[in-house]
J.: 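I am attaching a structure below and will ask some questions about it afterwards.
All chains are named by letter (A, B, ...) in the order of the sequence lines, taking the proteins before the strands, and each is independently numbered beginning at 1.
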Protein chains: 2
Amino acid sequence: MAQRIQNLRRAPTSSKMARALDFSSRRWALRIIWELRVGPLNFRALQAACGRISPSVLQRRLHELRALQIIEKIPRLGYRLSTAGEKLFQVLAQLDKWSRDMPVPLEQK
Amino acid sequence: MAQRIQNLRRAPTSSKMARALDFSSRRWALRIIWELRVGPLNFRALQAACGRISPSVLQRRLHELRALQIIEKIPRLGYRLSTAGEKLFQVLAQLDKWSRDMPVPLEQK
DNA sequence: ATTATTGCTATGAATACCATAGCAAAGGTT
DNA sequence: AACCTTTGCTATGGTATTCATAGCAATAAT
């Protein structure tokens, strides 16, 4: 385990990781996944859950997330996490924990 | 553990998490942390490690990350992860693992 | 003294994101 | 059936973010 992390520290950033980080930096991408943790949500419900996302961006992200097979569209219920999406949720759960443990409040201008 | 995740699924998105997700979506923010996993890097080294980041954005992110006390500036060596930054690295290590296990390649246009 | 490296700042163009309005299709109600 | 509501999206035009590139003062190395 410690060994695994040591190797991670030495190895150059993999292209897969570079892409994952790049994708993570698209606005609302991770938030959408996080909101879907509760179960399937339709377009408007997701919009409301995210707070202030504009529909054009939501629409774009949904397409992207579907192309990556992180979420899937189901006929009457809207969108839900795929298996890969569920695994990504587990990672985000760690981020949630981290954010709660942060000594400095994560305020941004 | 399963219980903890169940609770996460039910609870609304905390404001701390919302901010963490928002911050994660600033371009290069997580990548910078990931590149610093190897140890302290100076400005130009970080620039090179990230590949194509423009100096103005790097500069801005470094300020933000310092304000959040995720990284710290050390006189001759450049920038390095703080304790909180190291913890965030652990989360990113999970993301790295996830990206490697992804069945669909994370390609983006 | 000269050259190279480093840490930045400035600038203008390209891209991403925003708020808002609106509309066709489907579902529910009377 | 006629009406109203909800839903999933598209269109538009403005604002913010990020980009590539150039450059410059300060420090370090030769």
J.: Contact class for B:Arg60 (heavy atom, under 4.0 Å): base, sugar-phosphate, or nothing?
T.: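 No contact.
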J.: B:Arg27 side chain N/O closer than 4.0 Å to the phosphate oxygens (OP1, OP2) of C:dT15?
T.: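 Indeed not, no polar side-chain atom of B:Arg27 lies that close.
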J.: Between C1' on D:dT17 and CZ on A:Arg26, what's the gap in Å once rounded to a whole number?
T.: 14 Å
J.: Under the 6.0 Å and 45° cation-pi test, does B:Arg37 pair with B:Trp34?
T.: yes
J.: Quick one: what's the B/S/- string for nucleotides 4-14 of chain D, heavy-atom cutoff under 4.0 Å, read 5' to 3'?
T.: ---BBBB----
J.: With sequence neighbours excluded, tell me which residues meet salt bridge (charged side-chain N to carboxylate O under 4.0 Å, His left out) with B:Lys16.
T.: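 Expected list: none.
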J.: Take the protein atom CD1 of B:Ile53 and the nucleotide atom P of D:dT18, then report the distance between them rounded to whole Å.
T.: 10 Å
J.: Quick one: does A:Arg27's side chain have a donor or acceptor within less than 3.5 Å of a partner on A:Ile53's backbone?
T.: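 No, the answer is negative, given that no donor and acceptor are paired below the 3.5 Å cut-off.
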J.: State whether the side chain of B:Thr13 and the backbone N or O of B:Ala18 hold a donor-acceptor pair below 3.5 Å, judged by distance alone.
T.: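 Checked: no pair found.
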J.: Tell me the interatomic distance from B:Arg52, atom CZ, to C:dA14, atom P, rounded to whole angstroms.
T.: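 That distance rounds to 17 Å.
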J.: Below 4.0 angstrom from OP1 or OP2 of D:dC19, is there any side-chain N or O of B:Trp28?
T.: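 Yes, within the criterion.
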J.: Check the distance between C:dC18's P and A:Leu58's CG and give it to me in whole angstrom.
T.: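 Atom CG in A:Leu58 sits about 11 Å away from atom P in C:dC18.
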J.: Test the B:Arg9-A:Phe89 pair against the cation-pi criterion, namely NZ or CZ under 6.0 angstrom from the six-membered ring centroid and within 45° of the ring axis.
T.: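 Ring-cation test returns yes.
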J.: Could you report the tightest heavy-atom contact between A:Leu92 and A:Ile33, atom names first, then the distance?
T.: CD1-CG2, 3.8 Å
